[in-house]
2 protein chains.
Amino acid sequence: MATRSAPSPGRRQRRRQETIEEVLGIAVEIMTEQGVAGLSIGEIARRMGIRPPSLYVYFPSKNALYDALFERGAQSVLAAMEATDAFSGTDEATLEEALLDVGRAFVRWSLDHPAYSQLLWWRPVPGFQPSEQAYEPAVRLTERANAVITGLQRRGLLRPDVPAGQVYRDWTVIVSGVVSQQLANAPGEGFDQGRFTAALPEMASMFARHYGQPETASHEEGPS
Amino acid sequence: MATRSAPSPGRRQRRRQETIEEVLGIAVEIMTEQGVAGLSIGEIARRMGIRPPSLYVYFPSKNALYDALFERGAQSVLAAMEATDAFSGTDEATLEEALLDVGRAFVRWSLDHPAYSQLLWWRPVPGFQPSEQAYEPAVRLTERANAVITGLQRRGLLRPDVPAGQVYRDWTVIVSGVVSQQLANAPGEGFDQGRFTAALPEMASMFARHYGQPETASHEEGPS
DNA sequence: GTCTATATGACGATAGAC
DNA sequence: GTCTATCGTCATATAGAC
């Protein structure tokens with residue numbers, strides 16, 4: 001009898017990866033519509049035209065699926081932040097500009113990806129804890145953001161009497177407050193129309209006045 | 001045969017109310033342990049020593065239970081805020097003191113009631129929308145908080161060129177940012193040990209400097 | 001009025017046929 | 001790799017004992 005020739009390992013793996021991507025994409029769709037906790041294996045299978053057990057070939061459990069989604073989201077926000085001027089080495093911006101730059105990028109990403117935001121920044125899934133691997137991009141983001149603050153400090157743009165960690169913490173509080181208020185109270189408004197995102201510029205101005213180095217320009221403070 | 005005399009309506013209703021309170025208390029316990037979405041009718045019944053269907057005598061559905069919890073939580077936070085100096089008429093505080101007072105009270109309540117906080121400020125339950133009745137205390141809280149800002153404005157403690165609504169929005173952003181960061185990243189630390197709650201005083205100071213009326217004391221500006 | 005007993009359908013998950 | 005069959009648990013609903 002005729003035997004179908006086996007597909008090459010490369011092709012099989014590529015096809016498998018395509019299916020995994022399809023699952024993740026549909027999962028994000030469902031989470032966006034129903035909330036993160038509203039995701040169900042059955043609904044994914046229904047939309048893919050397969051039976052629920054078939055999904056267990058790609059993900060051993062629902063939490064493993066959440067883990068893959070967490071990692072994907074963390075990579076996405078990290079990439080979005082790396083693309084900002086403030087994150088890419090050449091920063092000639094003022095303190096206020098740099099703060100507004102990173103704040104805007106973070107808030108914009110969060111509102112553009114509300115499902116990922118809920119999964120990453122809140123804990124809506126009872127039993128789920130992200131694995132170390134899934135969390136790693138988020139750790140890198142924290143490190144990079146801290147490095148930005150340290151860079152501002154090195155350039156003399158920050159008050160010397162305040163530790164960089166405090167500046168990081170406080171700007172993080174403000175930015176996450178904007179995200180949290182906008183997502184909770186008016187998630188449909190988006191970044192450009194958001195009544196809370198509109199607070200960002202004034203917040204950056206206030207923050208820069210408070211934590212910025214007053215007067216003294218930072219250029220050429222070498223020995224006279 | 002002996003017939004048990006029927007309990008008086010008053011007694012019956014009191015007993016019913018006690019049971020409802022017990023259900024709500026246990027529900028809060030479970031939500032605190034497992035997260036808001038982790039609440040289940042079966043677990044409540046198990047802890048009460050009854051069968052799940054018995055609970056439907058008191059609540060017609062799980063969402064009705066969430067609704068009662070929402071209302072209870074909203075009443076609780078409203079009461080906590082009403083107890084602050086800033087909310088109770090006699091406010092002789094400075095702008096910074098008043099802001100810190102309300103911010104501290106709100107953050108403290110939120111950290112003391114993490115389950116209610118998730119239910120009230122985020123939307124962790126897929127199908128649930130609070131009823132108007134359940135939401136009413138939250139509306140009152142917003143009105144009262146806005147009135148506090150207006151009162152500060154009337155006393156001349158706020159910059160006249162900034163609308164009161166903006167001051168309300170921005171202080172809300174900061175306070176909710178503290179809550180969100182503390183609950184998401186270190187929920188066990190509590191108010192007094194919290195690494196993010198520690199940011200509140202400096203935030204109030206920064207905020208008061210930025211939005212406060214500079215110099216000019218507000219006392220006796222009548223005709224000379 | 002309050003409970004138990006019981007049933008339905010959805011869910012996450014596993015075993016095994018093909 | 002996908003299916004059917006099945007399990008245990010969940011929210012929910014109804015019937016009926018007491």
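Just so it is clear: chains get the letters A, B, ... in the order the sequence lines come, proteins before strands, and each one is counted from 1.
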Interatomic distance, A:I41 CD1 vs D:dC10 C1' [rounded to whole Å]: 16 Å
Distance in angstrom units between A:Q17 CD and D:dG1 P, rounded: 12 Å
Interatomic distance where CD1 belongs to B:I50 and P belongs to D:dC18 [whole Å]: 19 Å
B:I30 CD1 to D:dC10 P, straight-line distance once rounded to whole Å: 11 Å
Residue B:R51, side-chain heavy atoms: nucleotide from D:dT12, C:dT4, D:dC3 that is nearest: C:dT4
From CA spacing to verdict: side-chain contact (heavy atoms from CB on, under 4.5 Å), B:I149, B:Q153: CA-CA 6 Å; B:I149 301 288; B:Q153 192 178 42; 5.6 Å; no
Audit row: A:R104, A:E97, salt bridge (charged side-chain N to carboxylate O under 4.0 Å, His left out) steps and yes/no: CA-CA 10 Å; A:R104 244 196 309 238; A:E97 286 166 350; over 6 Å; no
Sugar-phosphate only, base, or nothing, as touched by B:R46 at under 4.0 Å among non-hydrogen atoms: sugar-phosphate
Length of the CG-P vector between B:N63 and D:dC10, whole Å: 18 Å
Sugar-phosphate, base or nothing in reach of A:T19, heavy atoms under 4.0 Å: nothing
Side chain of A:K62 - closest among C:dC3, D:dG1, C:dA13: C:dA13
Side-chain donor-acceptor pair present, B:Q166, B:Y211, cut-off under 3.5 Å: yes
Atom pair distance, as rounded to whole Å: CD1 in A:I44 and C1' in C:dA10: 15 Å
Derivation and outcome, salt bridge (charged side-chain N to carboxylate O under 4.0 Å, His left out), residues A:E82 and A:R140: CA-CA 11 Å; A:E82 294 281 10; A:R140 275 239 302 287; 5.3 Å; no
Pair A:S176, A:W121: side-chain N/O donor-acceptor within cut-off below 3.5 Å: no
Length of the line joining A:R15:CZ and D:dG1:C1', which is rounded to integer Å: 10 Å
Atom-to-atom span, CD of A:E22 to P of D:dG1 - whole angstrom: 14 Å
Sugar-phosphate only, base, or nothing, as touched by A:P53 at under 4.0 Å among non-hydrogen atoms: base
Touch class at under 4.0 angstrom, heavy-atom based, for B:F59 against every strand present: nothing
Phosphate contact (C:dG1 OP1 or OP2) by B:R16 side-chain N/O below 4.0 Å: no
Among C:dC3, D:dA11, D:dC3, the one nearest B:Y56 by side-chain distance: D:dA11
Touch class at under 4.0 angstrom, heavy-atom based, for A:S40 against every strand present: sugar-phosphate
Touch class at under 4.0 angstrom, heavy-atom based, for B:L39 against every strand present: sugar-phosphate
Phosphate OP1/OP2 of D:dC3 contacted by A:S54 side-chain N/O (<4.0 Å): yes
